[in-house]
Amino acid sequence: MTKLRRTQAAPELFMSQGPPDTFLDVVVPEDIKAQWHRWEGVQWRRMRHWGTNDLFPPDQRYSVRPPRELCYRHHEMWLAYRNMNFDPVSGNRWPGHPGSPFIPVTRDLNRLREERRLEWDEKASEQMRLTEEICLSGRSPQCSKPDAP
């Protein structure tokens, strides 16, 4: 198995496995196991990381499965937001436009890099949830027809 850096993700690793019995030495409750690949599971895992004083948990959005009810267009938008990744070399802020170089307040660039990576994860996750909400409301003029490819 390939060793991944913290800022990298392998979605197939998250999607193929079911929920574990324990996560960071904490027993996973049954209701969280049922929602492991949804936003509730993401929040629970993030809280476990924070509980171990890990202020910058790994990106969690790759473990979320898109709802089956999403139309084709919103499904594509959802995937596009999921696949927006932070570039640790440039350090650009969300949504990744150039011209936002690192402005270190302290000398700890690794911490600043992790803060920006976490910002990307949170904002991409927010956009994914918003896309789900808009599509599933049934009022979006952007929804594609069910017979779209």
Side-chain angles (χ1 to χ4, degrees), residues 1-97 100 102 108 110-149:
M1 184 165 146
T2 352
K3 189 163 184 160
L4 297 174
R5 286 183 26 216
R6 202 167 174 178
T7 55
Q8 292 177 324
E12 63 278 358
L13 290 177
F14 294 114
M15 301 304 270
S16 64
Q17 301 173 357
D21 294 327
T22 60
F23 184 79
L24 297 178
D25 297 327
V26 176
V27 175
V28 179
E30 290 302 318
D31 60 322
I32 296 299
K33 281 184 181 183
Q35 300 172 342
W36 190 254
H37 295 290
R38 296 297 311 140
W39 298 110
E40 295 81 1
V42 166
Q43 186 61 29
W44 187 87
R45 290 191 300 274
R46 188 172 286 153
M47 295 302 287
R48 299 296 72 77
H49 280 283
W50 290 340
T52 62
N53 290 327
D54 181 3
L55 301 178
F56 308 111
D59 294 348
Q60 297 290 321
R61 68 182 183 269
Y62 296 100
S63 65
V64 177
R65 293 180 178 155
R68 294 177 191 266
E69 299 84 15
L70 285 182
C71 70
Y72 177 77
R73 178 171 290 151
H74 284 109
H75 185 266
E76 292 298 311
M77 291 168 68
W78 191 93
L79 290 175
Y81 281 120
R82 186 196 68 189
N83 294 334
M84 288 180 80
N85 292 312
F86 172 70
D87 180 3
V89 175
S90 70
N92 289 336
R93 291 198 113 107
W94 176 270
H97 297 297
S100 61
F102 284 119
D108 191 355
N110 288 332
R111 181 178 174 91
L112 184 58
R113 185 177 292 115
E114 285 298 302
E115 287 172 356
R116 291 211 177 159
R117 181 194 56 78
L118 185 63
E119 176 186 18
W120 271 74
D121 186 40
E122 289 172 348
K123 291 188 177 187
S125 297
E126 204 174 290
Q127 290 300 313
M128 291 164 64
R129 285 192 299 266
L130 184 61
T131 301
E132 288 177 18
E133 185 180 315
I134 288 170
C135 184
L136 299 179
S137 73
R139 296 174 293 176
S140 173
Q142 296 173 329
C143 275
S144 59
K145 296 178 178 150
D147 58 351

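Scope of the values below: all heavy atoms of this structure, side chains included, with no hydrogens, waters or symmetry mates.
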With sequence neighbours excluded, tell me which residues meet salt bridge (charged side-chain N to carboxylate O under 4.0 Å, His left out) with R38. E132
What residues form a ring-ring contact (aromatic ring centres under 6.0 Å, His included) with Y81, not counting sequence neighbours? none
Are [X] and [Y] ion-paired here, with the side-chain N under 4.0 Å from a carboxylate O?
| X | Y | result |
| --- | --- | --- |
| E115 | R111 | yes |
| E119 | R116 | no |
| E126 | K123 | no |

Please report the shortest heavy-atom distance between [X] and [Y], naming the atom on each side.
| X | Y | answer |
| --- | --- | --- |
| Q60 | D121 | N-OD2, 3.4 Å |
| H75 | P66 | NE2-CG, 3.6 Å |
| L118 | P57 | CD1-CD, 4.1 Å |
| W44 | V26 | CZ2-CG1, 4.0 Å |
| I32 | E40 | CD1-O, 4.3 Å |

Would a distance-only check, ignoring hydrogens and angles, find a side-chain to backbone donor-acceptor pair under 3.5 Å from [X] to [Y]?
| X | Y | result |
| --- | --- | --- |
| R117 | F86 | no |
| R48 | V28 | no |
| H37 | S63 | yes |

Report all side-chain donor-acceptor pairs from residues 136-143 shorter than 3.5 Å, counting only partners two or more places apart or in another chain.
unit_1: S137; atom_1: OG; unit_2: I134; atom_2: O; d: 2.7
unit_1: S137; atom_1: OG; unit_2: R139; atom_2: N; d: 3.3
unit_1: S140; atom_1: OG; unit_2: Q142; atom_2: N; d: 3.1

Distance from N53 atom CG to L55 atom CG, nearest 0.5 Å? 6.5 Å
Nearest 0.5 Å, what's the CD-CG distance between Q127 and L130? 5.5 Å
Is the number of heavy atoms from other residues, nucleotides or ligands within 6.0 Å of CG (D21) greater than 12? no
Kindly indicate whether a cation-pi arrangement holds for R82 with W78, taking the cut-offs as under 6.0 Å to the six-membered ring centre and within 45° of the axis. no
Show the numbers, then the answer: is there a side-chain contact (heavy atoms from CB on, under 4.5 Å) between L24 and H49? CA-CA 8 Å; L24 297 178; H49 280 283; 3.7 Å; yes
Which label fits F23 and W36: parallel for a plane angle under 30°, tilted from 30 to 60°, or perpendicular past 60°? perpendicular
With a 4.5 Å heavy-atom cut-off, do R73 and E76 have their side chains touching? no
